[in-house]
Number of protein chains: 2
Amino acid sequence: MSGEDNLLKLVEVEEADDHDYRLQEQVGFILRKAHQRHVSIFAAHIADLTPPQFAALAKLRDVGETSQNQLGTLIAMDAATVKGVIDRLKARGLVELSKHEVDKRRLLVNLTAEGRDAIDRLIPLAREITRETLAPLSAKEIAIFMKLLAKLA
Amino acid sequence: MSGEDNLLKLVEVEEADDHDYRLQEQVGFILRKAHQRHVSIFAAHIADLTPPQFAALAKLRDVGETSQNQLGTLIAMDAATVKGVIDRLKARGLVELSKHEVDKRRLLVNLTAEGRDAIDRLIPLAREITRETLAPLSAKEIAIFMKLLAKLA
DNA sequence: GGAAATTCATTCGTATGCAAATGATATCAA
DNA sequence: TTGATATCATTTGCATACGAATGAATTTCC
């Protein structure tokens, strides 16, 4: 092989490499699509609440009264986002807000009776949403997938 | 065991079931967190473009000129969303728009020279983003995970 | 005690993401 | 041919999502 051939080969390899990037095989792209699909399944089962709103109610049910900020940490939402979510839940009477007696910076959030009823009623639907989201996988695959997904998140 | 005991047992089981819903173990919740993490890694490597904007450029590089709608299908974005993405890319001179000669409904999108330079320059960074996103997994785990994730998306 | 650093919440700006409604054009079918 | 359908794009409205800036309150630490 001549030196020229070698050079040509290198150039070709680099170009092949360049064109070798396949968007639809990248983890970020597929992750985004999987998330989209889940949100769509969620909406089909629970039309009047978004996944973040549901997450806020479900977590409040677990931990009881907490500060808005702490709740955000628990459900992986930044302060600006959680405020919007809580504002909308409050407007619908599902949560109530109060000031922390000691630490005046904190805004306490809690379920109302209506909010508790709502989340209790929705949890069976949420189980079904999880089931349907994972439906393309076998039981064994689900176990593996969830373990690996948890490592990534 | 008396009939009363049986009834009590049933009630207890149902309540335990009720409290058994763990948000942080649900696939939707973890999927959302994994996606968040990926976006964060993306932003750390490519500050001046969002993942959807990058996806649009990368796909245009693959397929060449297409209609806005068709591009949306290819990158899993609805018509309203893709319009915003393309508008912003156009404002930055990375894509150009033209009317389809025959079908007057269609708006054709293509990379500009600058857009092509940009995406060519960014692809190596995108490879690194994928690598870093998958870093918590071993090579074998990555292969399994990607296969299962693709099934879900 | 008091300055510096931290924490909590809010606001603003920008960017997805999608449902629904609308208008223009194209295709299909009777 | 024309009337019904379907497709493409746009617009509006609402809901995340997050960086950055701001202000109030608290904690830390010298």
Side-chain angles (χ1 to χ4, degrees), chain A residues 28-29 31-44 46-57 65-92 94 97-109, chain B residues 28-29 31-44 46-57 65-92 94 97-109:
Chain A
F29 185 75
L31 222 36
R32 177 171 147 271
K33 287 214 300 176
H35 182 248
Q36 278 176 2
R37 173 170 167 273
H38 166 74
V39 171
S40 166
I41 292 171
F42 188 101
I46 301 182
D48 59 341
L49 227 54
T50 64
Q53 289 167 0
F54 175 87
L57 295 183
E65 191 173 59
T66 3
S67 75
Q68 196 175 264
N69 225 38
Q70 174 62 13
L71 180 61
T73 300
L74 293 171
I75 57 180
M77 271 176 229
D78 93 345
T81 302
V82 80
K83 184 187 191 313
V85 172
I86 294 302
D87 279 354
R88 284 180 284 276
L89 291 175
K90 173 177 154 59
R92 292 174 52 179
L94 300 176
L97 304 178
S98 56
K99 289 178 182 173
H100 193 289
E101 287 298 316
V102 178
D103 187 340
K104 293 177 184 171
R105 295 169 305 177
R106 294 189 203 173
L107 187 62
L108 296 175
V109 191
Chain B
F29 185 76
L31 222 35
R32 176 170 148 272
K33 287 213 300 176
H35 182 248
Q36 279 177 359
R37 173 169 167 272
H38 167 73
V39 171
S40 167
I41 292 171
F42 188 101
I46 301 182
D48 59 342
L49 227 52
T50 65
Q53 289 167 359
F54 175 87
L57 296 182
E65 190 173 58
T66 3
S67 74
Q68 196 175 264
N69 226 36
Q70 173 63 14
L71 180 62
T73 300
L74 294 171
I75 57 180
M77 270 177 230
D78 91 347
T81 302
V82 80
K83 185 188 191 312
V85 173
I86 294 301
D87 279 355
R88 284 180 285 276
L89 291 175
K90 174 177 152 58
R92 292 174 53 178
L94 299 176
L97 304 179
S98 56
K99 288 178 183 173
H100 192 289
E101 288 297 317
V102 178
D103 188 339
K104 293 177 184 172
R105 294 170 305 178
R106 293 190 204 172
L107 187 63
L108 296 174
V109 192

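Here is the naming used below: chain letters follow the sequence lines, and residue numbers restart at 1 for every chain.
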First and last nucleotide of DNA chain C touching chain A, 5' to 3', heavy-atom cut-off 4.0 Å?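 On DNA chain C, the outermost contacted nucleotides are C:dT7 to C:dC18.
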How long is the straight-line distance from [atom2] of [Y] back to [atom1] of [X], given to the nearest 0.5 Å?
| X | Y | atom1 | atom2 | result |
| --- | --- | --- | --- | --- |
| A:Leu108 | A:Glu65 | CG | CD | 4.5 Å |
| B:Leu71 | B:Thr66 | CG | OG1 | 5.0 Å |
| B:Asn69 | B:Arg105 | CG | CZ | 9.5 Å |
| A:Leu97 | A:Leu89 | CG | CG | 9.5 Å |

Nearest nucleotide by nearest heavy atom, which residue falls closer to the 5' end of DNA chain D, A:Arg88 or B:Ser40?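 Going by which nucleotide is closer to the 5' end, it is A:Arg88.
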Identify, between A:His35 and B:Ala80, the residue whose nearest nucleotide on DNA chain D lies closer to the 5' end.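 With A:His35 and B:Ala80 compared, the 5'-side residue is B:Ala80.
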On DNA chain C, compare the nucleotides closest to A:Lys83 and A:Arg32; which residue's is nearer the 5' end?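 With A:Lys83 and A:Arg32 compared, the 5'-side residue is A:Lys83.
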Among pairs that include at least one residue of residues 73-84 of chain B, which meet side chain to side chain donor-acceptor pair (under 3.5 Å), considering only residues two or more places apart or in two chains?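 Sorted pair list: B:Asp78-B:Thr81, B:Lys83-B:Asp87.
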A:Val82 to A:Gly72 - nearest heavy-atom pair and separation: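 Result for this residue pair: CG2-CA, 3.8 Å.
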Nearest heavy-atom pair of A:Ala56 and A:Val85: which atoms, and what distance?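 Heavy-atom minimum between the residues: CB-CG1, 4.2 Å.
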Within-4.5 Å side-chain heavy-atom neighbours: [X] and [Y]:
| X | Y | answer |
| --- | --- | --- |
| B:Leu49 | B:Arg92 | yes |
| A:Asp48 | A:Ile46 | yes |
| B:Met77 | B:Pro52 | yes |

Check the distance between [N]'s [atom2] and [X]'s [atom1] and give it to me in whole angstrom.
| X | N | atom1 | atom2 | value |
| --- | --- | --- | --- | --- |
| B:Lys90 | D:dA9 | NZ | P | 15 Å |
| A:Gln53 | D:dC14 | CD | C1' | 10 Å |
| B:Leu108 | D:dA9 | CG | C1' | 12 Å |
| A:Leu57 | D:dA15 | CG | C1' | 15 Å |
| B:Ile86 | D:dT10 | CD1 | C1' | 14 Å |
| B:Phe42 | D:dA17 | CZ | P | 18 Å |

Contact under 4.0 Å: A:Thr50 side-chain N or O vs D:dT16 OP1/OP2: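 For A:Thr50, the contact criterion (side-chain N or O under 4.0 Å from OP1 or OP2 of D:dT16) is met.
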Quick one: bend of the helix from C:dG1-D:dC30 to C:dA30-D:dT1 from 5 pairs per end, to 10°?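 Here the local axes at opposite ends form an angle of 20°.
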Main-chain N/O of B:Ser67 paired to B:Gln70 side chain as donor or acceptor, under 3.5 Å: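 It does not hold such a pair.
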Is it the case that the side chain of B:Gln36 and the backbone of A:Ala76 share a donor-acceptor pair, with hydrogens and angles ignored and the cut-off at 3.5 Å?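 Yes.
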With B:Phe54 via ring pair (Phe, Tyr, Trp, His ring centres under 6.0 Å) - residues at least two apart: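 Only A:Tyr21, B:Phe42 meet the ring pair (Phe, Tyr, Trp, His ring centres under 6.0 Å) criterion with B:Phe54.
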Check each residue of residues 67-75 of chain B for a non-hydrogen atom within less than 4.0 Å of any atom in DNA chain C, then write out the ones that pass by number, or none.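 Contacts with DNA chain C under 4.0 Å: none.
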Once you apply a heavy-atom cut-off of 4.0 Å, does B:Val39 come out as touching a base, just sugar-phosphate, or nothing?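 No contact.
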Report the C-alpha distance between B:His35 and B:Leu31 in whole Å, list the side-chain angles of each, state the deciding distance to 0.1 Å, and finish with yes or no for side chain to side chain contact (heavy atoms under 4.5 Å, CB included). CA-CA 6 Å; B:His35 182 248; B:Leu31 222 35; over 6 Å; no
What N/O pairs connect the protein and nucleotides 25-29 of chain D at under 3.5 Å? Give each pair on its own line.
from: D:dT26; atom 1: OP1; to: A:Val102; atom 2: O; distance (Å): 2.9
from: D:dT26; atom 1: OP1; to: A:Lys104; atom 2: N; distance (Å): 3.1

